[in-house]
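Labels below follow one simple rule: chain letters A, B, ... track the order of the sequence lines, proteins then strands, and each chain is numbered from 1.
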Protein chains: 2
Amino acid sequence: MSRSDPEASLQDEAARAGWMYYVGGKTQDQIATELGVSRQRAQRLVSRAMTDGLVHVRLEHKIAACLVLEAELTRRFGLCEVRVAPSLGDGGDPTRAIAGVGAGLMEKYLRRTEPLIMALGTGRALRACADEMLPITAEQHRIVSLIGNIAPDGSASFYDVIIRISDRVRAPHFPMPVPVISDTAAERAMFQRLRPAQIVFDLAKAADVTFVGVGQMGDDAPLLLDGFVSAPDLAEMQALGATGEIAGWVFDAQGKYIETCLSDRLGSARLEPNRPAPVIGIAAGLRKVRALKAALEGHIINGLVTDEATAQALLI
Amino acid sequence: MSRSDPEASLQDEAARAGWMYYVGGKTQDQIATELGVSRQRAQRLVSRAMTDGLVHVRLEHKIAACLVLEAELTRRFGLCEVRVAPSLGDGGDPTRAIAGVGAGLMEKYLRRTEPLIMALGTGRALRACADEMLPITAEQHRIVSLIGNIAPDGSASFYDVIIRISDRVRAPHFPMPVPVISDTAAERAMFQRLRPAQIVFDLAKAADVTFVGVGQMGDDAPLLLDGFVSAPDLAEMQALGATGEIAGWVFDAQGKYIETCLSDRLGSARLEPNRPAPVIGIAAGLRKVRALKAALEGHIINGLVTDEATAQALLI
DNA sequence: TCATGTTCTGGGCATATGCTCAAACACCGA
DNA sequence: TCGGTGTTTGAGCATATGCCCAGAACATGA
């Protein structure tokens with residue numbers, strides 16, 4: 001006990017404080033007294049338990065208004081799987097709202113008894129879902145990434161959701177061993193010919209269920225913010241009618257893929273329209289409405305996890 | 001929308017308020033403004049969301065001290081499954097502490113892919129666990145009750161955990177169609193000869209995993225508080241060395257079952273010692289230590305869900 | 001219709017909480 | 001040993017929260 005890892009023991013203390021606060025319903029004063037620390041420290045521990053993701057909160061009630069929206073979306077776009085999370089209102093982060101709901105849906109698939117292949121794209125919302133998942137053992141399934149996991153500097157890509165999910169889900173997982181974006185078309189071709197990459201591509205194509213983020217292509221496009229394209233490149237794409245993007249593959253307002261300067265260097269698998277298996281888009285926020293609508297109408301995705309406000313906007 | 005169930009729409013509103021508060025991290029003031037109600041009403045809605053069990057909080061971190069206790073208990077009593085929840089400290093209700101942990105363990109078994117039979121006893125702690133379980137579909141399993149579900153007044157017994165669990169777990173479940181306690185030995189014999197009762201008894205005997213509460217036999221015995229035995233009956237049992245009780249079957253300090261005035265009228269299945277499959281006791285509180293120790297040493301149970309303080313006391 | 005009991009609402013207040021800021025502290029290289 | 005640098009700590013304060021209570025709204029039954 002005398003020389004344990006200070007970081008770990010801090011987490012321990014935070015977990016204990018968070019436990020007493022959230023589960024036990026004690027005040028921070030009481031916790032401070034019982035743990036023998038100052039009230040301020042207790043406050044920091046409780047807050048750390050939350051920010052470190054030690055505490056998970058889920059709501060057990062389907063709000064009627066959300067159920068109505070789910071039914072509407074299913075009918076309107078012919079979807080196979082829809083979840084609408086209640087909006088968090090004006091200041092709320094919509095990603096936050098859908099994370100728990102999306103995590104629950106992913107868990108639902110992972111709890112299936114028959115083995116299945118789950119493919120994962122990228123995006124902040126998808127990452128948030130991964131972080132909200134409860135630990136689960138699902139050895140019978142295989143989890144495969146749609147996007148390359150080699151970042152420009154050679155390290156494992158920060159954007160690869162599969163890395164995050166592998167902490168919580170005990171299942172065989174298959175990162176895509178190619179660069180997110182290659183420098184040249186030739187380099188991509190070289191990587192894609194490699195046998196390991198082929199295996200992962202084939203798995204992705206055969207996925208029984210796919211979860212992807214959906215990016216908008218406005219001036220706040222995730223592709224731009226994350227440095228995958230330059231502002232002039234983005235402007236060029238916009239001129240070509242770029243409306244949305246899934247795993248880096250850009251499509252127009254009808255959900256038809258368009259050729260861009262990325263097309264021949266992108267390491268990710270492209271989701272072809274009208275896949276028979278569920279392809280579930282996870283995205284929320286009014287800025288994403290156009291992109292989502294295009295992906296839905298182009299049948300690139302046939303499932304949706306979003307929030308109330310976005311759902312409403314999609315149905316206008 | 002104009003004439004919906006007022007109770008349901010209240011829950012809806014509570015759920016929404018709870019969602020914004022716990023997931024969105026908003027203040028009750030903001031929520032009040034957005035929902036167009038007074039701050040006090042928002043406060044009541046949030047608090048209702050919690051008391052109605054709409055909000056579920058779980059902690060994602062194994063505190064080192066608890067892991068140590070789990071290892072110790074496993075070694076000392078030769079157990080197959082142990083969970084130790086952090087104590088909630090002085091004023092905390094130990095049942096509260098173990099409910100989430102126990103629920104997680106039950107879920108773990110229900111997530112198994114191969115079909116299994118889960119048997120359930122009774123007790124407040126077990127009931128609290130059932131209430132904390134997340135909804136799950138587990139059609140492949142069968143859930144069977146160890147205790148009779150016919151209350152003295154003929155209604156379904158309040159003490160039957162299986163009723164509560166069936167709200168959340170979609171799985172075939174088998175209540176035990178006999179009285180909790182029959183008036184006479186003859187009546188019990190009559191019920192037990194019935195074919196439906198036989199089926200359930202056989203299932204219980206074949207259970208792949210069993211969860212039971214463990215009752216103490218002091219003057220605060222659950223059997224007394226719940227009106228199953230009178231104070232004189234209890235005193236008589238105590239004189240015979242009664243130390244603990246599982247599903248109404250009383251055992252002494254060595255964990256050997258003893259004959260009591262209940263023995264020939266009790267409708268529940270008796271768990272015989274040294275079962276090969278997991279039999280997991282769920283109980284916490286220092287008053288239960290003697291009963292738990294007896295059940296463990298008599299090998300009636302071979303698994304345990306308890307809290308830190310109780311675990312420590314067991315190891316003395 | 002009105003009296004009556006019950007539930008619900010919002011004001012006010014004591015207390016809990018989160019945040020800021022300056023002091024203390026540990027760590028590290030010279 | 002010293003001074004710099006970054007992190008942690010505890011005091012104080014503005015604000016949020018929980019709870020009590022009086023009054024309003026509502027349902028009930030004569």
Rounded distance in Å - CE (B:Met20) to P (D:dA16): 16 Å

Side chain B:Glu70, main chain B:Val84, donor-acceptor under 3.5 Å: yes

Check: B:Arg83 and B:Lys62 side chains under 4.5 Å, non-hydrogen atoms: yes

Contact state string [nucleotides 6-14 of chain D, B base, S sugar-phosphate only, - no protein heavy atom under 4.0 Å]: ---BBBB--

Sugar-phosphate, base or nothing in reach of A:Gln43, heavy atoms under 4.0 Å: base

More than 12 heavy atoms from other groups under 6.0 Å of CZ on B:Arg111: yes

Stepwise salt bridge (charged side-chain N to carboxylate O under 4.0 Å, His left out) test for A:Lys288 and A:Asp307: CA-CA 11 Å; A:Lys288 296 203 179 265; A:Asp307 77 340; over 6 Å; no

Nearest-Å distance for atom pair CG/P, residues B:Leu35 and C:dT9: 13 Å

A:Arg168, CZ atom: more than 12 neighbouring heavy atoms under 6.0 Å: yes

Whole-Å gap separating C1' (D:dT17) and CG (B:Asp29): 10 Å

Any B:Tyr21 side-chain nitrogen or oxygen under 4.0 Å from OP1 or OP2 of D:dT17: yes

Nucleotide C:dC19, atom C1' - distance to CD of A:Gln28 in whole Å: 12 Å

Nearest-angstrom distance from the residue atom CD1 of A:Ile31 to P of C:dG18: 10 Å

Heavy-atom closest pair, residues A:Arg58 and A:Glu132: NH2-O, 3.1 Å

